[in-house]
J.: 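Let me begin by handing over the structure; questions about it come next.
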Amino acid sequence: MNMVTALHRLARHSKREIRPPQELTCHPGFEKLRLKLEAAKDKLSPRLLANMLWAYATLQLTLEPALLYTFDVLFSKKMDGMKPQELVNTMWAYATLRHKPCAILQNQVRRRVLSFPPGSLKPQEIANLLWAFATLSINPGEAALFHLESDATHHKLVDFKPLELSMTLWSLATLKRFPGAEWMDHVTNEIGMQAYKMTPQSVSNSIWACASMKYNPSFKVLNQTAQQMKRTAHQATPQALANTVRGWAVLNYYPKDESIWCEIEKKVCEQMKSSNEQNISNLIWAFAFLGREPSTELLHHLHEGIMDNIESFSLNGLVYSLWGHASLGIRPREDCLEALTESVGRVAESLNEVHLVNVLWAWVLLKYKPDEKVMEKIRERLQMFCESESPLPGVQEQLFQIHLAHVLLELDMELEIPEDILETARSSWINQTQRNVTPSEFVDNVSKILMQMEVAHSVEVLTPSRYFSLDILLDGQKLVLECDGPTHFTRNSFRYLGSTTLRDEFLAAEGFSVVSIPYFDWQNLGSCVDTKIGYLKGRILEASKNLK
């Protein structure tokens, strides 16, 4: 008992950073203590055995598989006598040592958890036990998870520390467990209340967990955690920053406080050398999904990061990076574009239908034709999908957009799409166009001003090809007014998104002259009708000259 106590105290000193683990374990006396303990381990009580393994894990020791298996056997024999804290410490130690206990012991742990009366586990114990299950990829089962979730609500949530709240959420998300909307409401509201005490990792884990569960916290909670990320961004790791921004994108949450973005972008730039490909591609995807244009400095660092990590980019990372740039209407640096494209060529055999069409769509928007070696592999992959039983499901509209680019914009990549698949894609595109023919309030407002100007026009008019619906078409002319709302621009810089630029190019190829009326221009005109009339007259006159 005294030997275990001594070992336990050494580990606690290490945990409190009084002495580093290596300094303690390298001491000549430590090995003697360890040998004596391991010789007597069969006689130890569950508490002492749990303390011994906890100390080993805390001291960052590397244990032989045979010794770990011996611990499995001993804990299996003593499981019925283990108290909550002893069980939690044991599982925490296993997870820290990255040792997955044998199946027999796993089943005993599940049963023992269910045997504890409600309220037996403290908040820290609930969080640590769930963390251990998630880290070791052990599914404790529906009953045990429900038991632990109930235990969490048995306590007052204010008893949970910020780390314990975020660990609990992260663990449940990792185990692919959704505890219900009401439970999540209570926990996330408490996270919002305690956000000011959270580390950036805890904020990141909480946002990542909600995104993984497809659960949207209240706007208030999202704002509270976003403000805390701003305050602590200087302490955040690259992964914490990337996961937070990606989580915001999945939750469709865009912090309106520009200072939040400034702090995050500043830290991302500082840490780019230590970022991996997943962090970089997640950031590009998230910025694009949220419609945020990266600053010039951030874009430079992202491109540097791509080049530094290009050999390790995953397939998803390559697709995200190409799609993200194209969606934002930003052409990557030429060396990045070539490197990403060459890497896609190397993994072309692994592209699924969505990957393939997204890559082709990105190249179309970026006006980029890869070299023939890459295109040959892409064509082979496309042909394989076209010959499958259910060719290219869910991507017909994008596929037809790619076809239009080849026909209307003469971006010939020599893609051979069978006529039957092309006809299905064409029908899907036309059906989508015809569904979106209800005039927006913005279109109605512009139309009313045109009426006062006695300018004959029609709203939501299908082009002769039926491929596009025009917001406003002036009668007897091929002059189009497109009333472009917020979804056509980046949120922070009002740059046209790639898809909007491509729309205008398609319409120009069909012979139309397009006048884009940005929503922010229209708002700035105020409520004065004469001002709006003057604005429209000027825009129409300029476009009419170009049309002639």
J.: Got R503 and L507 here, is their nearest side-chain heavy-atom distance under 4.5 Å?
T.: yes
J.: Within 45 degrees of the axis of the six-membered ring of Y254 and under 6.0 Å from its centre: does R491 put its NZ or CZ there?
T.: yes
J.: W323 and F289: aromatic ring centres closer than 6.0 Å?
T.: no
J.: Check salt bridge (Lys or Arg N to Asp or Glu O under 4.0 Å) between D371 and all other residues, then give those that pass, not counting sequence neighbours.
T.: none
J.: Should we count OH of Y196 as having more than 12 external heavy atoms under 6.0 Å?
T.: no
J.: What side-chain hydrogen bond (donor to acceptor under 3.5 Å, both in side chains) pairs are there with at least one residue in residues 328-338, not counting sequence neighbours?
T.: E304-R333, R331-E334, R333-D335
J.: Cut-off 3.5 Å, side chains only: do R346 and S343 have a donor facing an acceptor?
T.: yes
J.: Rounded to the nearest 0.5 Å, what separation is found between the OG atom of S275 and the NE2 atom of H301?
T.: 11.0 Å
J.: K373 versus E376: any side-chain heavy-atom pair under 4.5 Å?
T.: no
J.: Nearest 0.5 Å, please: how far is CG in N216 from NZ in K214?
T.: 11.0 Å
J.: F468 and F512: aromatic ring centres closer than 6.0 Å?
T.: no
J.: Does E372, at its CD atom, have more than 12 non-hydrogen atoms belonging to other residues, nucleotides or ligands within less than 6.0 Å?
T.: yes
J.: Taking atom CD of E293 as the centre, report whether more than 12 heavy atoms of other residues, nucleotides or ligands fall under 6.0 Å from it.
T.: yes
J.: To the nearest 0.5 angstrom, please state how far the CE atom of M167 sits from the CG atom of N205.
T.: 9.0 Å
J.: E164: what forms a side chain to side chain donor-acceptor pair (under 3.5 Å) with it, not counting sequence neighbours?
T.: none
J.: Taking the side chain as C-beta and beyond, is there a heavy-atom pair between Q401 and L502 under 4.5 Å?
T.: yes
J.: Over all heavy atoms of both residues, which pair between Y320 and I284 is shortest? Give the atoms and the distance, please.
T.: O-CG2, 4.0 Å
J.: Dump the intermediate steps for side chain to side chain contact (heavy atoms under 4.5 Å, CB included) on V459 and D471, then the final yes or no.
T.: CA-CA 5 Å; V459 299; D471 283 350; over 6 Å; no
J.: Looking only at side-chain N and O atoms, does S465 offer a donor or acceptor that is under 3.5 Å from a partner on E510?
T.: yes
J.: Using a strict cut-off of less than 4.0 Å between a Lys/Arg side-chain nitrogen and an Asp/Glu carboxylate oxygen, indicate whether R292 and E265 qualify as a salt bridge.
T.: yes
J.: What closest approach, in Å, do A211 and L251 show between heavy atoms, and which atom pair accounts for it?
T.: CA-CD2, 3.9 Å
J.: I'd like to know whether CD of E441 has more than 12 heavy-atom contacts from other residues, nucleotides or ligands below 6.0 angstrom.
T.: no
J.: Take M198 and S206, measure what side chain to side chain contact (heavy atoms under 4.5 Å, CB included) needs, and give me the verdict at the end.
T.: CA-CA 10 Å; M198 280 187 156; S206 301; 3.8 Å; yes
J.: Is the NZ atom of K367 crowded by more than 12 outside heavy atoms at less than 6.0 Å?
T.: yes
J.: Does one side chain, of S259 or K230, offer a donor that lies under 3.5 Å from an acceptor on the other?
T.: yes
J.: Answer whether the closest heavy-atom distance between the side chains of T135 and W170 falls below 4.5 Å.
T.: yes
J.: Rounded to the nearest 0.5 Å, what separation is found between the OG atom of S212 and the CG atom of L175?
T.: 11.5 Å
J.: Would you say the side chains of W261 and S295 form a donor-acceptor pair under 3.5 Å?
T.: no
J.: Between N358 and H355, is any side-chain donor less than 3.5 angstrom from a side-chain acceptor?
T.: no
J.: Please work out whether the ring planes of Y368 and W363 are parallel, tilted or perpendicular, with thresholds of 30° and 60°.
T.: tilted
J.: Could you grab the distance from atom OG of S427 to atom CD of E397, nearest 0.5 Å is fine?
T.: 11.0 Å
J.: Where do N276 and N279 come nearest, in terms of heavy atoms and distance?
T.: OD1-N, 2.8 Å
J.: So, do C483 and I472 sit near enough that their side-chain heavy atoms are less than 4.5 Å apart?
T.: yes
J.: Counting neighbours of CD on E258 that are heavy atoms of other residues, nucleotides or ligands and sit closer than 6.0 Å, is the number greater than 12?
T.: yes
J.: Hey, which of V480, V455, V515 is the one that makes side chain to side chain contact (heavy atoms under 4.5 Å, CB included) with L474?
T.: V455
J.: Let me have the donor-acceptor pairs involving side chains of residues 533-541, under 3.5 Å, with sequence neighbours excluded, atom names and distances please.
T.:
unit_1 : atom_1 : unit_2 : atom_2 : d
Y535   : OH     : D521   : OD2    : 3.4
Y535   : OH     : R539   : NH1    : 2.8
R539   : NH1    : S516   : O      : 3.0
R539   : NH2    : S516   : O      : 3.0

J.: Donor-acceptor pairs are to be reported for all side-chain atoms of residues 180-195 against protein atoms at under 3.5 Å, with residues two or more places apart or in another chain.
T.:
unit_1 : atom_1 : unit_2 : atom_2 : d
W183   : NE1    : E149   : O      : 3.2
D185   : OD1    : Y215   : OH     : 2.4
T188   : OG1    : M184   : O      : 2.7
T188   : OG1    : D185   : O      : 3.3
T188   : OG1    : Y215   : OH     : 3.3
N189   : ND2    : D185   : O      : 3.0
E190   : OE2    : Q194   : NE2    : 2.8
Q194   : NE2    : F160   : O      : 2.9

J.: Step by step, work out the side chain to side chain contact (heavy atoms under 4.5 Å, CB included) result for I517 and D484.
T.: CA-CA 6 Å; I517 304 176; D484 292 330; over 6 Å; no
J.: Quick one: do the S493 and T490 side chains pair a donor with an acceptor below 3.5 Å?
T.: yes
J.: Drop me the distance from L315's CG to S281's OG, to the nearest 0.5 angstrom.
T.: 11.0 Å
J.: Between Y519 and F442, does the ring centre distance come in under 6.0 Å?
T.: no
J.: Between V347 and L318, what is the shortest heavy-atom contact and its length?
T.: CG2-CD1, 4.0 Å
J.: Could you tell me whether the side chain of T487 reaches within less than 4.5 Å of the side chain of L497, counting heavy atoms only?
T.: no
J.: Could you name each residue pair satisfying salt bridge (charged side-chain N to carboxylate O under 4.0 Å, His left out) that touches residues 266-282, not counting sequence neighbours?
T.: K267-E270, K273-D308
J.: Distance under 6.0 Å and angle within 45° of the ring axis: does R246 meet both against W285?
T.: yes
J.: Does the pair L462 and T433 meet the rule for a side chain to side chain contact (heavy atoms under 4.5 Å, CB included), with working shown?
T.: CA-CA 8 Å; L462 290 175; T433 300; 3.7 Å; yes
J.: Answer yes or no: is there an ion pair linking E423 with R426, defined by an N-O contact shorter than 4.0 Å?
T.: yes
J.: Could you tell me if Q227 and N223 have a donor-acceptor pair between their side chains, going purely by distance under 3.5 Å?
T.: no
J.: Just wondering, do R495 and H488 contact through their side chains at under 4.5 Å, heavy atoms?
T.: no
J.: K369 versus E414: any side-chain heavy-atom pair under 4.5 Å?
T.: yes
J.: Specify the closest pair of heavy atoms between L290 and W248, including all atoms of both residues, with the distance to one decimal.
T.: CD2-O, 4.1 Å
J.: Would you name the heavy atoms of S350 and R381 that are closest together and state the gap between them?
T.: C-NH2, 4.0 Å
